[in-house]
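In what follows, every chain begins at residue 1, and chains take the letters A, B, ... in the order their sequences are listed.
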2 protein chains.
Amino acid sequence: MKPLALVIDDEVQIRRLLRFALEAADYTVCEADRGQLGLAEAALRRPDVILLDLGLPDLDGVEVLKRLREWSETSVLVLSVRDAEDQKIAALDAGADDYVTKPFSTPELLARLRVAQRRARPAEETTTFAHNGLQVDLTNRRVTVDGKEVSLTATEYALLRLLVRHAGRVITHRQMLREVWGSNAEEHRQYLRVYITHLRRKIERDPQNPVHIKTESGIGYRLIS
Amino acid sequence: MKPLALVIDDEVQIRRLLRFALEAADYTVCEADRGQLGLAEAALRRPDVILLDLGLPDLDGVEVLKRLREWSETSVLVLSVRDAEDQKIAALDAGADDYVTKPFSTPELLARLRVAQRRARPAEETTTFAHNGLQVDLTNRRVTVDGKEVSLTATEYALLRLLVRHAGRVITHRQMLREVWGSNAEEHRQYLRVYITHLRRKIERDPQNPVHIKTESGIGYRLIS
DNA sequence: GCTCTTTTTTATGATTTTTTAACGCTTTTG
DNA sequence: CAAAAGCGTTAAAAAATCATAAAAAAGAGC
């Protein structure tokens, strides 16, 4: 997915220039010509990065930044014609990630954008499912049963992941086949029988009496949570 | 606790100026007058932020940055007299968090330092890996098996480093190819097979029955930790 | 230039995974 | 009750993936 950049600037030429440069660098671009609108757009579109001009007609750029930082940590690059030191410091301390003086070099701007994006990344949260001895760590792709690691094949894991994502709810045969095997395999219910057997053999204490993967006859399967 | 700043610069006047400014801003400061020493200090002292001059007598600043980024994510501000655009871009893309041209304004530098610190993540960094006779020291680029040093080629080492940094987790083929060979080599899985064979021959006691690098068929590989 | 090392490409056999097929059991339906 | 349909299990055939060796190409050092 292309990253989304929000340009907040009142000058149409600058916006056009930035749009051109950003799109060439494989960003999707949205624009706002005023501070209020910029904040609204930021809330609505959730851009990956914001390019903010300081000289806006309604709100001061630093004010926009402060309001934005009340709820968002999106990377913000401030663009400004003002080269005044105190202005820079104010913007940086208000939460800007970088401050670039106009006229700027486009390649440098793009490099600084890459830095901002690189830093923004993380939030490496581990999403885990756990119930009755079965643990599925979707982030690290690890499955354990009573603490012992279980090794699954690609298809087995894809199927289990789907069940985990909809844990507690019934998933239809059709849904499973489409998600795991692709939309042209929707008729191969036998695949499911085979792989559910495989999965049960690996994750159930007693595969004959499954407690994790329940069959909903005629409909599909369900992971108990 | 005061934050620790590491200054890597060969000019004593600059170091003195920075030390003065940084200490006034309540940093603890340590210094290095060349690249190799700077890297060693960074590994030893674990600074919160690094100020790096590009014009060093032994190693090029960008080279220092690249080496540092092999194992550390510490914020780095590059200071340079060179204002050349391609120089800036090279440094920023090599992992610098900011690029300030000398002569710089001290208050602005401090503001940019605050930004760098704000963005810094409290990352626990893996600098050495040790398990079952295999030792990998990322700061010194040294690999030993049962105490005996093993020599790896650049590609072999890059691959092993990637595995170490994600030790215990599965790394997909795609991830490995992108990180080691670049994003336009994502289809060349055969590279991986060849290099995993090479690595195993060098680091496994019995390459036929690997205990360190496990294959996750259809997915990728995993380093056991 | 030449040699030695490293990387990339090609070829082949082994291993693992996926698909297909067969059979017995249970539940539903006429 | 008997036939039909759905499910679970197992085994094999087919396909995909993997490991390894070796040749070719590219690069580094002299």
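When the nearest nucleotides of DNA chain C are assigned to A/Thr155 and B/Thr155 by heavy-atom distance, the more 5′-ward of the two goes with B/Thr155.
Here B/Tyr195 reaches the OP1 or OP2 of C/dT7: one of its side-chain N or O atoms lies under 4.0 Å away. Residue B/Thr153 places at least one side-chain N or O under 4.0 Å from the OP1 or OP2 atom of C/dT7. The phosphate of C/dT18 has neither OP1 nor OP2 within less than 4.0 Å of any side-chain N or O from A/Trp181.
Classification of A/Arg15 and A/Glu23 as a salt-bridged pair fails, no side-chain N sitting under 4.0 Å from a carboxylate O.
Between the CG atom of B/Leu177 and the P atom of D/dC18 there is a distance of 11 Å, given to the nearest Å. In this structure, B/Lys202 places its NZ atom 7 Å from P of C/dT6, rounding to the nearest Å. Atom pair A/Leu159:CG and C/dT18:P shows a separation of 11 Å (rounding to whole Å applied). D/dT20 atom C1' lies 15 Å from atom CG of B/Asn209, rounded to whole Å. B/His198 places its NE2 atom 12 Å from the P atom of D/dA22, with the value rounded to the nearest Å.
In this structure, CG in B/Asp9 is found 9.5 Å from CD in B/Glu31, a value given to the nearest 0.5 Å.
No side-chain N or O of B/Arg174 forms a donor-acceptor pair with one of B/Ser183 less than 3.5 Å apart. Side-chain contact annotation: A/Tyr191 with A/His188, donor-acceptor N/O pair under 3.5 Å present. Judged by distance alone, the side chains of A/Arg193 and A/Gln190 do bring a donor and an acceptor atom under 3.5 Å apart. Between the side chains of B/Thr74 and B/Ser72, at least one donor N or O lies within less than 3.5 Å of an accepting N or O.
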Protein N or O to nucleotides 6-9 of chain D N or O, pairs below 3.5 Å:
{"from": "D/dC7", "atom 1": "OP1", "to": "A/Gly218", "atom 2": "N", "distance (Å)": "2.7"}
{"from": "D/dC7", "atom 1": "OP2", "to": "A/Arg193", "atom 2": "NH2", "distance (Å)": "3.2"}
{"from": "D/dG8", "atom 1": "OP1", "to": "A/Arg200", "atom 2": "NH1", "distance (Å)": "2.9"}
{"from": "D/dG8", "atom 1": "OP1", "to": "A/Thr215", "atom 2": "OG1", "distance (Å)": "2.5"}
{"from": "D/dG8", "atom 1": "OP2", "to": "A/Tyr221", "atom 2": "OH", "distance (Å)": "2.8"}
{"from": "D/dT9", "atom 1": "OP1", "to": "A/Gln208", "atom 2": "NE2", "distance (Å)": "3.4"}
{"from": "D/dT9", "atom 1": "O4", "to": "A/Gln190", "atom 2": "NE2", "distance (Å)": "2.9"}

